[in-house]
**Q** 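Supplied in C-alpha cells, the structure appears directly below.
As the structure lists them, so they are numbered: ligands from 1, and atoms in each ligand from 1.
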Amino acid sequence: MKKSRGKIFFFSGPSGVGKGTLIGMLHETHPEWKFPPSCTTRDPRPGEIDGETYYFISQDEFLEKIEQDAFLEWAEVHHENWYGTLKKPLLDPIECGEIVIREFDVQGFSAAREKLNRSDFVSIFLKPSGGVGELAHRIRDRAPISDRDLALRMESMKAEFAQAKLYDYEISVEDGNFEKMKSDAEKIIFSELKK
Ligand code: 5GP
C-alpha cells in the first residue's frame with residue numbers, strides 16, 4: 001500500500017515571540033519528526049554543529065545552489081551573510097510520509113509559500129498575547145536600545161503582525177508560558193494529521 005504524503009508545519013511570527021524555543025521543545029519531544037536546518041555562509045559559532053544548527057557552506061557553494069534553483073527562498077541578512085532554505089530537506093521527507101517542522105520569519109514564509117503545493121503545508125502564526133507593546137518591553141529588557149531603534153523595531157513588528165491573517169492558524173503566546181505554546185502547537189499538528 002502506498003504510504004500517505006507527509007506535511008510541513010511552518011511556525012512564524014515576530015522576532016522574540018519564541019519560535020526557536022518552540023522548535024527546540026518539539027524536537028526534544030518528537031525526535032522522529034524532521035527539523036531541517038537552513039544553509040548559511042556565516043562561520044559556525046562555538047557549539048554550533050554543521051547539519052544541525054545550519055548547513056555551513058561557502059559563498060561559492062551558495063551561488064551554485066542559487067543557480068541550481070535548489071532554494072525555496074534565500075536572503076542576504078544584515079548585508080553580511082547569506083541564508084537560505086533548501087528545497088530537498090523539506091520536500092523529500094514529505095514524499096515519504098514524514099512530518100517536517102520549520103520556523104520562518106514572516107518574509108521568509110511569504111517567499112517560500114509561493115513555491116509549494118498548498119496541500120503540502122500548514123502555517124501557524126505565533127502572536128504575543130500582549131501585542132507589540134509586550135514585545136517592545138522584552139526587547140528593552142534584553143539589551144540597551146535607543147528610542148529611535150526601538151521605534152523602528154516596533155514599526156517592523158506591526159507590519160509582521162499585519163501578516164497574521166495569511167496563516168492557517170494563530171497561537172496566542174502568553175509571556176513565558178512555553179508549555180502552553182507547545183501544547184497548542186501539538187493540538188494543531190495532531191488534528192491536521194487526522195484529516
Ligand atoms: P544567525 O546568524 O543569528 O543564526 O541568524 C541571523 C538571521 O538569519 C536571523 O534573523 C534568521 O531569521 C535569519 N535566517 C536564518 N535562516 C534563514 C533562512 O533560511 N532564510 C532566511 N531568509 N533567513 C534566515
**Q** The test is salt bridge (charged side-chain N to carboxylate O under 4.0 Å, His left out); show your working for Asp149 and Arg153 and say whether it passes.
**A** CA-CA 6 Å; Asp149 284 350; Arg153 288 284 292 274; over 6 Å; no
**Q** What's the shortest distance from atom 11 (C) of ligand 1 to any protein heavy atom, and which residue and atom give it?
**A** Tyr54 OH, 4.8 Å
**Q** Using a 4.0 Å heavy-atom threshold (strictly under), name the region of Arg102 that reaches ligand 1: side chain, backbone, both or neither.
**A** side chain
**Q** May I ask you to list the atoms of ligand 1 that are less than 4.0 angstrom from any heavy atom of Ala75?
**A** 22 (N)
**Q** Does Trp74 reach ligand 1 with a nitrogen or oxygen that is under 3.5 Å from one of the ligand's nitrogen or oxygen atoms?
**A** no
**Q** What do we get for Gln107 next to ligand 1 when only non-hydrogen atoms under 4.0 Å count, side chain, backbone, both or neither?
**A** neither
**Q** Can you tell me how far OG of Ser12 sits from NZ of Lys127, rounded to the nearest 0.5 angstrom?
**A** 12.5 Å
**Q** Mark yes or no for whether Lys7, through its side chain, and Ser119, through its backbone, hold a donor-acceptor pair below 3.5 Å.
**A** yes
**Q** Which residue holds the protein heavy atom closest to atom 22 (N) of ligand 1, what is that atom called, and what is the gap in Å?
**A** Glu73 OE1, 2.9 Å
**Q** Which of the numbered atoms in ligand 1 are below 4.0 angstrom from a heavy atom of Arg42?
**A** 1 (P), 2 (O), 4 (O)
**Q** For the pair Ser38 (side chain) and Tyr54 (backbone), establish whether a donor and an acceptor sit closer than 3.5 Å, ignoring hydrogens and angles.
**A** no
**Q** Quick one: CG on Leu91 to NZ on Lys115, what's the gap to the nearest 0.5 Å?
**A** 11.0 Å
**Q** Please report which non-hydrogen protein atom sits nearest to atom 19 (O) of ligand 1, along with the residue it belongs to and the distance in Å to one decimal place.
**A** Ser38 OG, 2.8 Å
**Q** Would you check, one step at a time, whether the test salt bridge (charged side-chain N to carboxylate O under 4.0 Å, His left out) holds for Lys34 with Asp92?
**A** CA-CA 10 Å; Lys34 300 292 172 202; Asp92 283 1; over 6 Å; no
**Q** Is there a heavy atom of Lys19 sitting under 4.0 angstrom from any atom of ligand 1?
**A** no
**Q** Given that the side chain starts at C-beta and the backbone is N, CA, C, O, which of these parts of Val77 lies under 4.0 Å from ligand 1, counting heavy atoms, or is it both or neither?
**A** side chain
**Q** Quick one about Thr53 and Arg45 (side-chain donor to acceptor, distance below 3.5 Å, no hydrogens or angles considered), yes or no?
**A** no
**Q** Protein heavy-atom contact under 4.0 Å for atom 5 (O) of ligand 1?
**A** yes
**Q** For atom 2 (O) of ligand 1, which protein heavy atom lies nearest, and how many Å away is it?
**A** Tyr83 OH, 2.4 Å
**Q** Establish whether atom 9 (C) of ligand 1 and some protein heavy atom are separated by less than 4.0 angstrom.
**A** no
**Q** With no hydrogens and no angle check, is any side-chain donor or acceptor of Lys87 less than 3.5 Å from a backbone partner on Asp69?
**A** yes
**Q** In terms of residue, atom name and distance, what is the protein heavy atom nearest to atom 12 (O) of ligand 1?
**A** Asp105 OD2, 4.1 Å
**Q** Got more than 12 heavy atoms from elsewhere within 6.0 Å of NE2, His27?
**A** yes
**Q** Contact between Gly108 and ligand 1, counting heavy atoms under 4.0 Å?
**A** no
**Q** When you look for heavy atoms under 4.0 Å from ligand 1, do you find them on the side chain of Phe104, its backbone, both, or neither?
**A** neither
**Q** Short question: side chain of Thr29, backbone of Leu26 - any donor-acceptor pair under 3.5 Å?
**A** no
**Q** Mind checking whether Arg45 contacts ligand 1 via backbone (N, CA, C, O), side chain (CB onward), both or neither, at a 4.0 Å heavy-atom cut-off?
**A** side chain
**Q** Nearest protein heavy atom to atom 15 (C) of ligand 1: under 4.0 Å?
**A** yes
**Q** Please confirm whether the backbone N or O of Leu90 pairs with a side-chain atom of Arg102, one donor and one acceptor, at under 3.5 Å?
**A** no
